[in-house]
Each structure stands twice: as structure tokens, then as C-alpha cells.
Amino acid sequence: MSEETKVQESAAAESQEAMDNFVSLKKGDTVNGTIVKIEDNQVFVSLGYKYDGVIPLRELSSVQLDNAADAVQVGQEVQLKVVSIDDGKEKLVLSKKAIDSESAWDTLQARFDSGEVFEISVADVVKGGLVADVGVRGFIPASMVERHFVEDFSDYKGRTLRVKVKEIDRENNKVILSAKEVLDAEFEQNKQNIIGGLQVGQELDGTVQRLTPFGAFVDIGGIDGLVHVSELSWQHVAHPKDVVTEGQSVRVKVLKVDPANGKISLSIKAAQPGPWEQSSGQFNIGDIVTGTVRRIVSFGVFVEIAPGVEGLVHISQLAHRHVATPNEVVKEGQEVKAKILDFNPAEKRVSLSIKETEEAPEQAPRPERERSERGERAPRGPKVELNNPNVSLSNESMSFTLAERFGDKLSKLK
């Protein structure tokens with residue numbers, strides 16, 4: 001065999017070996033490849049075929065992508081499906097999303113059945129919610145993103161969320177995900193753990209979360225307790241916003257814990273010194289104080305002389321004159337001066353007098369005729385001192401004197 005023939009046979013063998021190493025492909029095949037280049041928002045993949053395949057942007061993911069690099073990286077091993085082959089034009093179109101979709105439905109169904117929690121990355125923000133690539137297009141409605149209302153989701157793109165499959169419909173290519181269900185479950189578990197550790201009478205630091213007409217909800221470590229409007233302050237509170245603001249740090253006392261219903265009753269005023277404790281030593285019997293009429297009742301009025309400290313002005317202590325009803329003298333909200341008649345902080349009792357702060361009017365003398373008409377006695381002469389030794393009021397002395405006087409009179413008539 002000539003040298004030329006040997007060279008030709010060797011080249012033919014090498015060519016045949018190279019041809020044997022080429023992958024034989026047809027439309028619909030599943031192949032493995034390596035990403036070698038990302039360019040012009042399309043991905044080039046080496047399959048061991050006689051030329052590289054291309055994954056168009058639309059075939060990378062089940063959700064809309066702005067950049068191919070968001071889905072894959074150079075050097076990454078991927079499984080793909082052959083979409084079309086044109087050897088004449090050396091064009092091989094591949095799809096990643098087709099393979100992802102085939103395996104995704106079984107995985108999602110298993111997660112739905114078990115209630116599994118898994119992580120997703122938010123691929124896009126659309127009208128009404130968020131979109132994630134879970135092998136197929138997964139949609140998270142706005143109402144299922146957070147436990148609270150979110151007005152603007154623009155900064156959620158790219159975020160990682162923990163979700164559960166809420167609804168799955170393979171025939172209609174529909175997958176609904178919920179992050180809120182995961183958060184709700186975690187919240188309830190945390191709530192029960194915290195409630196289990198609470199004790200009535202315990203004092204805690206909290207943060208005012210939201211206000212309602214009937215009170216304020218305060219966060220005490222991941223769960224909210226209610227401070228009823230009557231427990232906000234020792235003073236009367238018309239609306240919680242008059243006392244606290246959202247975000248404000250407050251000290252609260254636990255009044256009641258209801259694990260069965262998950263309710264916690266708190267008090268801000270109970271965690272503070274009471275007005276009666278604060279007023280101890282502030283007032284003394286005989287002091288003249290200024291206060292505000294808070295309530296009017298049939299037997300008198302209650303006057304607030306310090307925040308949360310009210311004293312009673314009995315109807316008899318309203319004025320020097322006779323008072324039929326307290327409304328004749330005072331009105332609610334009126335500022336008055338009063339004298340402290342009795343002060344007992346331990347029993348939360350204060351007795352006050354308004355009339356004691358006013359000078360009593362002088363009484364005019366009654367006319368003589370008026371006295372007679374009323375049957376009153378006329379004024380007597382000088383009072384005789386009973387122990388005067390010069391005056392004798394014995395019956396014997398009185399009889400002698402009268403006998404002398406009448407004896408003289410009778411003798412003249414004879």
C-alpha cells in the first residue's frame with residue numbers, strides 16, 4: 001500500500017470518527033447542553049452537534065424577561081427541547097421553558113397536595129399582582145402578597161418570597177401562588193408562642209400600630225394587643241388620636257389574655273402612676289383649689305381638681321342660699337374655685353365646698369311688726385343676773401313687796 005493511500009485512509013477514518021461523535025437530532029428531542037455565549041438577548045448552546053443551538057429569549061422562561069442573563073449564565077448545564085432544525089441554514093432552535101414546564105406541573109401538584117412552602121423570585125410586577133417563574137407562569141394576586149395592604153408593588157421585582165401553591169389548573173395553564181398564607185401561618189404560630197408566655201399584670205414595651213375609634217392596637221413583639229379607649233389615660237379620652245400616634249413607643253400592662261380567641265387586652269394607664277397616687281401630698285384640707293365641673297347630678301356636682309381626680313361638691317355646699325338643683329349655680333365645663341373639706345386618696349374621695357370660698361351675705365334685721373305677725377316675742381329688758389347678791393327672787397320677797405303696794409292702794413280707797 002502506497003504512502004498516499006495510507007494517508008487517505010487515515011483521514012477518512014478520522015472523518016468517520018468525527019461524524020460518529022456528532023449528535024443526531026430531530027424536532028422534539030430532549031438534549032443536554034452547555035451555555036457558551038449570551039448575546040443580543042439570545043443564548044448559544046453547545047450540544048456536541050455540528051453547530052451550536054440557539055435559545056431565543058421567548059423560549060428561556062415561562063414569564064416575560066427583559067434580559068437573557070436573568071435566566072441563565074455562561075457555563076451552565078441545561079436540559080433543552082429541540083424546537084426546529086435547519087441544517088441548510090445551520091439553524092437549531094432550542095427551548096428551555098418547554099422542558100421546565102413538563103417537569104414543573106408534577107412538582108407543583110405535589111407541592112399543592114402537601115402544602116409545601118418554597119421560595120420563588122419575583123420576575124415581574126403586573127397589573128393585579130406579581131409573576132414568578134416556577135417552571136410555568138405563577139401568579140401571586142395583590143391580595144395574597146402580604147398580610148397588610150400594599151399600595152405600590154414596584155419595588156417587589158427581584159425579591160425572594162416564600163409561597164404556597166394556592167390553586168393549580170394544568171388544563172388552563174394556571175398556577176396561583178400565595179405568600180400571605182405562609183405569613184399568616186407563621187404569624188399565628190408566633191402569636192400562640194407569645195400568648196403562652198404572657199402573664200396578667202406583666203408590663204411590656206410596645207409600639208402603636210393603628211388607631212380605631214374604640215382604641216389602639218399595640219405591637220408587643222410580633223403580635224397586637226388592644227388598648228381600649230378607656231385604658232389609654234386616667235383622663236377622659238374622646239378619641240385615641242388625642243392621646244397616642246401610630247409608631248409611638250408606649251409602656252403597657254397586660255390586663256387579660258384569651259389564648260382560645262387569640263386576644264390580648266392591654267392598658268397604658270395601668271402602667272403609669274394613677275392620678276390619686278400622684279395627688280397624694282399635693283392637696284391638704286382647707287386648701288382653695290381651682291377645678292372644672294365635669295358632672296352634674298341631683299345631689300351635687302363633681303369637680304376635677306387634677307387630671308383624673310374628681311371631688312364632690314354637695315348641693316348644700318354650692319351656695320349660701322337654698323339651691324333646688326345644681327344647674328342653678330354651675331354648668332358642665334365651668335371653672336370654679338372650691339375649698340377642700342376632706343381629702344382621702346386611699347379611698348379616692350374628696351369633699352369640696354364652693355360656698356366656703358365666698359363671703360356669706362349679711363342678713364338684714366327684721367322689723368318689730370314682722371316679728372309680732374310671726375308670733376315672735378318682743379325683746380326683753382336687761383338681763384337680771386341670777387347670782388347677784390343684791391337681788392332676791394324668792395317667793396317670800398316677791399309676796400311682801402306686792403302686799404305693801406296693794407295695801408297702800410286699798411287704804412286710800414277707804
Side-chain angles (χ1 to χ4, degrees), residues 143 146-152 183-184 187-188 190-191 194-195 198-280 282-283 289-298 300-313 326-327 330-336 338 345 348-350 352:
S143 61
E146 300 284 0
R147 297 187 68 246
H148 57 272
F149 172 75
V150 179
E151 186 173 355
D152 183 10
L183 296 173
D184 283 343
F187 173 80
E188 286 302 321
N190 183 52
K191 184 175 182 178
I194 294 176
I195 288 178
L198 290 178
Q199 298 291 331
V200 173
Q202 181 180 357
E203 291 191 10
L204 303 162
D205 292 319
T207 304
V208 178
Q209 290 298 306
R210 56 193 176 94
L211 304 178
T212 66
F214 55 84
F217 286 92
V218 176
D219 181 352
I220 53 172
I223 62 172
D224 291 347
L226 173 65
V227 180
H228 190 266
V229 65
S230 63
E231 292 295 331
L232 286 169
S233 173
W234 288 104
Q235 295 176 271
H236 172 71
V237 177
H239 193 283
K241 67 182 179 182
D242 298 333
V243 182
V244 293
T245 57
E246 291 183 3
Q248 180 180 342
S249 296
V250 292
R251 186 76 173 170
V252 295
K253 189 171 188 176
V254 179
L255 298 182
K256 185 179 179 182
V257 180
D258 184 357
N261 294 309
K263 293 182 179 180
I264 305 168
S265 297
L266 305 171
S267 174
I268 291 177
K269 77 176 186 181
Q272 303 170 344
W276 290 95
E277 288 83 354
Q278 290 179 324
S279 66
S280 182
Q282 182 181 351
F283 301 107
V289 295
T290 300
T292 304
V293 176
R294 293 303 184 193
R295 290 178 292 148
I296 298 178
V297 292
S298 60
V301 299
F302 287 92
V303 176
E304 186 179 54
I305 60 174
V309 178
E310 291 184 359
L312 172 65
V313 181
N327 289 293
V330 294
K331 297 178 181 178
E332 284 191 11
Q334 180 181 341
E335 189 174 275
V336 295
K348 299 181 180 180
R349 188 181 72 245
V350 181
L352 303 171

Can you tell me how far the [atom1] atom of [X] sits from the [atom2] atom of [Y], to the nearest 0.5 Å?
X      : Y      : atom1 : atom2 : answer
Leu198 : Ile264 : CG    : CD1   : 5.0 Å
Leu204 : Ile220 : CG    : CD1   : 5.5 Å
Leu183 : His148 : CG    : NE2   : 9.0 Å
Leu266 : Gln202 : CG    : CD    : 10.0 Å
Gln282 : Trp276 : CD    : CH2   : 11.0 Å

Measure across [X] and [Y] and return the closest heavy-atom pair with its distance rounded to 0.1 Å.
X      : Y      : value
Gln248 : Val243 : OE1-O, 4.2 Å
Val208 : Ala216 : CG1-CB, 4.4 Å
Val229 : Pro213 : CB-O, 4.5 Å
Leu211 : Pro240 : CD2-CB, 4.2 Å
Ala338 : Leu352 : CB-CB, 4.1 Å
Ala271 : Val252 : CB-C, 4.0 Å

Self-check item: Arg210 to Phe217 six-membered ring, cation-pi geometry met (6.0 Å, 45°)
Solution: yes
Practice problem: I would like to know whether Phe283 and Ile305 meet side chain to side chain contact (heavy atoms under 4.5 Å, CB included); could you show each step before the answer? | Solution: CA-CA 10 Å; Phe283 301 107; Ile305 60 174; 4.1 Å; yes
Practice problem: Could you tell me whether the side chain of Arg295 reaches within less than 4.5 Å of the side chain of Glu310, counting heavy atoms only? | Solution: yes
Practice problem: Compare all side-chain heavy atoms of Glu335 with those of Thr290 and state whether any distance is below 4.5 angstrom. | Solution: yes
Quiz prompt | All pairs passing side-chain hydrogen bond (donor to acceptor under 3.5 Å, both in side chains) where residues 253-262 contributes a residue, at least two apart | solution = Asp258-Asn261
Quiz item: What side-chain hydrogen bond (donor to acceptor under 3.5 Å, both in side chains) pairs are there with at least one residue in residues 217-228, not counting sequence neighbours?
Solution: His228-Ser230
Self-check item: Inter- and intrachain pairs under salt bridge (Lys or Arg N to Asp or Glu O under 4.0 Å), touching residues 235-252, at least two apart
Solution: Glu203-Arg251, Asp205-Arg251
